[in-house]
Amino acid sequence: MRFWTRWLSTLLGAGLTAILLLGMAGAGRAQAQTPSTYTVQPGDTLGVIATRFGVDLAALAAANALADVNLIEVGQVLIIPGGESGLPFAAARPGDSLADVAARLGITAEAAAALNQMEATARLFPGQPVRIPPDAPGDSNLRFGAVTNVLLPAQIVQGRTGRLAVEGRYPLSLSATFNGLPLGFLPAGESRQSAFLPTPALLGPGIFPVEIGYATGSGVVISRTFSVLVSSGGYDSQLIELPDGKGGLLDPEFTQPEIEKLYALWSVIDPPLRWSEPFSRPISLEYPTTSPYGIRRSYNGGPYASYHSGQDFGAPAGVTVTAPGDGIVVLAESLNVRGNTVLLDHGAGVFTGYWHLSEILVTSGQAVVVGDPLGLVGTTGLSTGNHLHWEMRIYGVSVDPMQFLEEGIGEWGVGSGE
Ligand SMILES: [Zn+2]
């Protein structure tokens, strides 16, 4: 009898969910047919699940941050890569029910139940992705110790840069890491500090930790770990065959010294932030993108272990390249791979780079303002034709610079003064 009742209520629940989803489809929010999550059933192996959904086993393991493909449990909810519903996710915390997550995000338990096709009372495992409406207010009320609020995006798309803001009862000596990457905090108001969350194009998809801590007067560090879902950027893949003669150009002996030189420069976090408006395009609009940021690359049939770290614009030799925002030139010289190179420090760990120039028009140490000429388009270094490669590094991580043509720093809650 009890079983029957439960079965009936499940049926009713499913019916209600179907009606709600139909209603949403009518409102233009239809979900893709591929489910984006899957609950592990008795007898399942990761290989069986990968086959069922037609996804690569390694990609499935990576999407769920599984170090060992044999370690999955019945009831565990897996993210199915490529099965995106187009809706953002929030990550459950230890002890959460679906209703708890909904309450924290300011959405109704009913809406959360319908979107996730489960009961509002369902218990979730820590980090379990929960689908939320695109207009959910966000997980905005997180506190621990003297930290009164943590503002963290529920998800970041691969290659994009998220924002973290932390508020304290008093000015805190904060530190934080994103998947182990140390972040740099900037003052963003009286009691608020802000940092970037730069996400590499090859990270995840999956759930990654943001650890936030502060040192107390006695030197003890109080910290807490939060979760961010990194979702797919949908980047294409590209096979690059280097001609016999040019393969040698990828030898570490040839490429390594300049990478080390650049890393030493762009890993510096030197406040204040010297730019606040959205970036202006570093090259005239008439020159289109020829190769976007993030495209995965395999050289001569090797693994897809690297990605295009910048945005390429096709332009003839001699076209002027300009500063997208205020900054200081920290490198202006000829390098083996990148050719004639200019690197700008925009402050607070944010750098932009300009490769393959035919001519450099600035010198190291020079301050530039938005619109100042930096150099001329060329094809110096490891390049097959005239183009500008525009790169952006935050705390040393290459991210999509195009995001910053739309978003100014004011919208990030980072102090714009100074
Ligand atoms: Zn490039």
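What you are looking at is a predicted structure, and each value in this text was computed from that prediction instead of being measured. In listed order, ligands and their atoms are each counted from 1. By convention here, the first residue in the shown sequence is residue 1.
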Flag His356 as yes if one of its N/O/S atoms falls below 2.8 Å of the Zn ion (ligand 1), otherwise no.
no
Of all N/O/S atoms in Asp312, which lies nearest to the Zn ion (ligand 1)?
OD1
Does His387 put an N, O or S atom under 2.8 Å from the Zn ion (ligand 1)?
no
Does Glu211 pair with Arg224 as a salt bridge, N-O distance under 4.0 Å?
no
Non-hydrogen side-chain atoms of Tyr293 and Tyr307 separated by less than 4.5 Å
yes
Would you name the N/O/S atom of His389 that lies closest to the Zn ion (ligand 1)?
ND1
Without swapping roles, check the side chain of Tyr235 against the backbone of Gln158 for a donor-acceptor pair under 3.5 Å.
yes
With Thr380, which residues qualify under side chain to side chain donor-acceptor pair (under 3.5 Å), at least two apart?
none
Give a yes-or-no answer on whether the side chains of His387 and Thr379 include a donor-acceptor pair shorter than 3.5 Å.
no
Does any N, O or S atom in Glu391 come within less than 2.8 Å of the Zn ion (ligand 1)?
no
